[in-house]
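Here's the structure we're looking at; comments come further down.
Numbering of ligands and ligand atoms starts at 1, following listing order. For this chain, numbers begin at 1 and follow the sequence in order.
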Amino acid sequence: MNLIIPKRILSRRNFLQLSGLSGVSLLMGGCGTNLLSNNVGQIFQPLNQTFEELLLSQKPVPEFSISEIEPEKLLVNSFNFTPKIDPALFRLKINGEVDKPMQLKMEDIQKLPLTTMVIRHVCVEGWAAIVQWGGVQLKDLVALVQPKSKVRYVYFKSADGYYESWDIASVIHPQTLMAYQKNGEPLSVENGAPLRLASPIKLGYKLSKWVDQITFTSSLFSNKGYWEDQGYDWFAGL
Ligand SMILES: Nc1nc2c(c(=O)[nH]1)N[C@H]1C(S)=C(S)[C@@H](COP(=O)(O)O)O[C@H]1N2
Ligand SMILES: [Mo]
C-alpha cells in the first residue's frame with residue numbers, strides 16, 4: 001500500500017497540470033462566496049423549494065453518444081479485495097440526520113426511475129474512459145429519506161472497507177447516480193455490483209463501488225475518505 005501512494009501523488013500532480021482542473025479553485029476561490037457552496041448552505045429549507053432551486057442552478061455536463069463508449073478503457077481499480085455481495089440479501093442502508101432512515105432492497109431501487117448517461121470516468125492515475133452508466137439519481141434517494149435542514153455532507157461506506165464523503169450539492173446533481181448498469185449490462189462485481197456511485201463531476205476515487213451505507217451529516221468527521229485521508233484532494237471536482 002505505502003509503495004503505491006507516491007506514484008499516485010506524482011501522477012495526480014501531472015494530471016492537474018495537464019487538465020487545469022477547475023473544481024478545486026472553484027471551491028477555494030471565494031471562501032463560501034461561490035455558487036456551489038452558497039447552495040450547500042441553503043438547501044432543504046424548505047426541502048422542496050430550495051431543492052428545485054439548487055437543481056436548476058446545476059448545469060448538466062455534456063454527455064457523449066453511445067458510439068463513443070470505450071469499453072476496454074475502464075480499468076478495474078480496487079485498493080483491496082472484491083467483496084461478493086448476494087444481491088438478494090443486499091440492503092442499502094440510508095441513515096444519519098434524516099427524517100426517514102431506510103433500508104432498500106435492489107428491487108426497491110430498481111423500481112425508481114432509471115437514468116442512463118454516457119460520461120468520462122477520470123482516474124488520477126492517468127487513465128480515463130468513456131462509459132455508459134445506468135441507475136437511480138441519488139437525488140431521488142435523498143428525497144425519499146428527507147434530510148434535516150442542517151445536512152451538508154454525505155458519507156458512503158463500501159463493503160471492501162472503502163469510505164468517501166461528498167458535499168450535498170454534488171450528491172443531488174442530476175448526473176450523480178447510484179449505478180447498477182454499465183454499458184447497457186448489469187454492473188459487474190469488479191465494477192462495484194450491486195451498487196456504485198457514478199458522476200461526471202468527480203474524479204474516479206470519489207466514485208465508490210459496493211456502496212452499502214449512505215449517511216447524511218451536518219459536519220465532516222476526521223476521516224473524510226480512503227485516499228483523502230492520505231493527502232488527496234477532498235472536493236476532487238472535474
Ligand atoms: N469501494 C471502492 N470503490 C472504489 C475504489 C476502491 O478501491 N474501492 N477505487 C476507486 C478508484 S481510484 C477508481 S478510478 C474507480 C474505478 O472504478 P472501476 O474499477 O469500476 O473502473 O473506483 C473507485 N471506487
Ligand atoms: Mo482512480
Side-chain angles (χ1 to χ4, degrees), residues 1-16 18-19 21 23-24 64 69-87 90-94 106 116-135 138 154-166 170-171 175-215 223-238:
M1 181 79 64
N2 286 339
L3 291 174
I4 300 172
I5 296 164
K7 190 192 104 206
R8 293 181 61 104
I9 289 169
L10 189 66
S11 46
R12 171 165 171 73
R13 286 207 184 111
N14 293 343
F15 173 75
L16 289 173
L18 285 172
S19 68
L21 205 64
V24 179
F64 296 86
I69 294 172
E70 301 168 316
E72 71 298 339
K73 283 206 182 171
L74 186 77
L75 309 179
V76 170
N77 201 354
S78 305
F79 88 105
N80 205 349
F81 63 98
T82 297
K84 297 278 177 323
I85 301 169
D86 182 340
F90 175 79
R91 299 289 181 274
L92 175 67
K93 292 180 216 60
I94 317 184
M106 280 311 292
T116 62
M117 61 183 184
V118 182
I119 59 142
R120 180 176 276 122
H121 175 101
V122 180
C123 176
V124 291
E125 287 180 295
W127 56 272
I130 297 172
V131 191
Q132 184 188 49
W133 301 108
L138 201 37
V154 177
Y155 273 84
F156 299 93
K157 182 178 98 41
S158 297
D160 63 340
Y162 203 76
Y163 56 99
E164 270 299 335
S165 59
W166 284 46
S170 299
V171 165
Q175 289 159 301
T176 297
L177 307 184
M178 292 307 309
Y180 51 84
Q181 295 178 353
K182 186 196 89 178
N183 298 338
E185 312 247 310
L187 191 62
S188 71
V189 172
E190 298 72 33
N191 293 123
L195 217 47
R196 72 167 296 156
L197 276 163
S199 180
I201 63 169
K202 294 287 188 194
L203 280 167
Y205 64 84
K206 299 299 285 189
L207 305 173
S208 300
K209 305 189 280 188
W210 311 295
V211 173
D212 58 13
Q213 185 169 303
I214 302 179
T215 304
N223 289 344
K224 295 178 174 57
Y226 179 78
W227 288 111
E228 291 87 329
D229 292 339
Q230 299 173 56
Y232 281 76
D233 180 51
W234 173 74
F235 193 74
L238 282 178

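- Residue-to-ligand polar distances keep Ser78 apart from ligand 1: every N/O pair is separated by 3.5 Å or more.
- Which of Trp227, Phe79, Tyr162 comes nearest to atom 10 (C) of ligand 1 through a heavy atom is settled by distance: it is Tyr162.
- In this structure, the side chain of Ser199 engages the main chain of Ile201 through a donor-acceptor pair within 3.5 Å.
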Begin with the C-alpha distance, continue with both residues' side-chain angles, and end with the deciding distance and a verdict on salt bridge (charged side-chain N to carboxylate O under 4.0 Å, His left out) for Glu190 and Lys182.
CA-CA 11 Å; Glu190 298 72 33; Lys182 186 196 89 178; over 6 Å; no

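- In this structure, Arg196 contributes its side chain and Asn191 its backbone to a donor-acceptor pair below 3.5 Å.
- Side-chain contact check for Lys209 and Ser78: at least one donor-acceptor pair (N or O, by modelled atom type) lies under 3.5 Å.
- At a heavy-atom distance under 4.0 Å, atoms from both the backbone and the side chain of Asn191 approach ligand 1.
- Annotation for Glu185: atom CD does not count as buried by contact number, only 12 or fewer foreign heavy atoms lying within 6.0 Å.
- Listed by atom number, the atoms of ligand 1 under 4.0 Å from Ser208 heavy atoms are 3 (N), 24 (N).
- Ion pair Lys224/Asp229 not flagged as a salt bridge, since none of the NZ, NE, NH1 or NH2 atoms sits closer than 4.0 Å to an Asp/Glu carboxylate oxygen.
- Checked against a 3.5 angstrom limit, the closest N/O atoms of Asp160 and ligand 1 fall inside it.
- Counting heavy atoms closer than 4.0 Å to ligand 1, residue Tyr226 contributes nothing at all.
- A donor-acceptor contact shorter than 3.5 Å links the side chain of Trp210 to the backbone of Val189.
- Side-chain atoms of Trp227 do not come within 3.5 Å of backbone N or O of Tyr205 as any donor-acceptor pair.
- Taking all heavy atoms of Leu75, Val76, Asn80 into account, the minimum distance to atom 21 (O) of ligand 1 is reached by Leu75.
- Within the 4.0 Å heavy-atom criterion, the part of Arg196 lying near ligand 1 is the side chain and not the backbone.
- Taking distance alone, with nitrogen or oxygen atoms compared against 3.5 Å, Lys209 approaches ligand 1 more closely than that limit.
- Less than 4.0 angstrom separates some heavy atom of Leu74 from each of these atoms of ligand 1: 21 (O).
- Below 4.0 Å from some heavy atom of Ser158 lie the following atoms of ligand 1, by number and element: 1 (N).
- For Asp160 (side chain) and Pro83 (main-chain N/O), no donor-acceptor pair under 3.5 Å exists by modelled atom type.
- Figure legend: Lys206 and Tyr232 shown without cation-pi pairing, the cationic atom not lying both under 6.0 angstrom from the six-membered ring centre and within 45 degrees of its axis.
- Taking a 4.0 Å cut-off on heavy atoms, Glu164 fails to register as neighbouring ligand 1.
- Annotation for ligand 1: atoms under 4.0 Å from non-hydrogen atoms of Cys123 are 14 (S).
- Listed by number with element, the atoms of ligand 1 under 4.0 angstrom from any heavy atom of Tyr205 are 10 (C), 11 (C), 12 (S).
- Ligand 1 lies nowhere less than 4.0 angstrom from a heavy atom belonging to Gly192.
- The shortest N or O to N or O distance between Leu207 and ligand 1 is below 3.5 Å.
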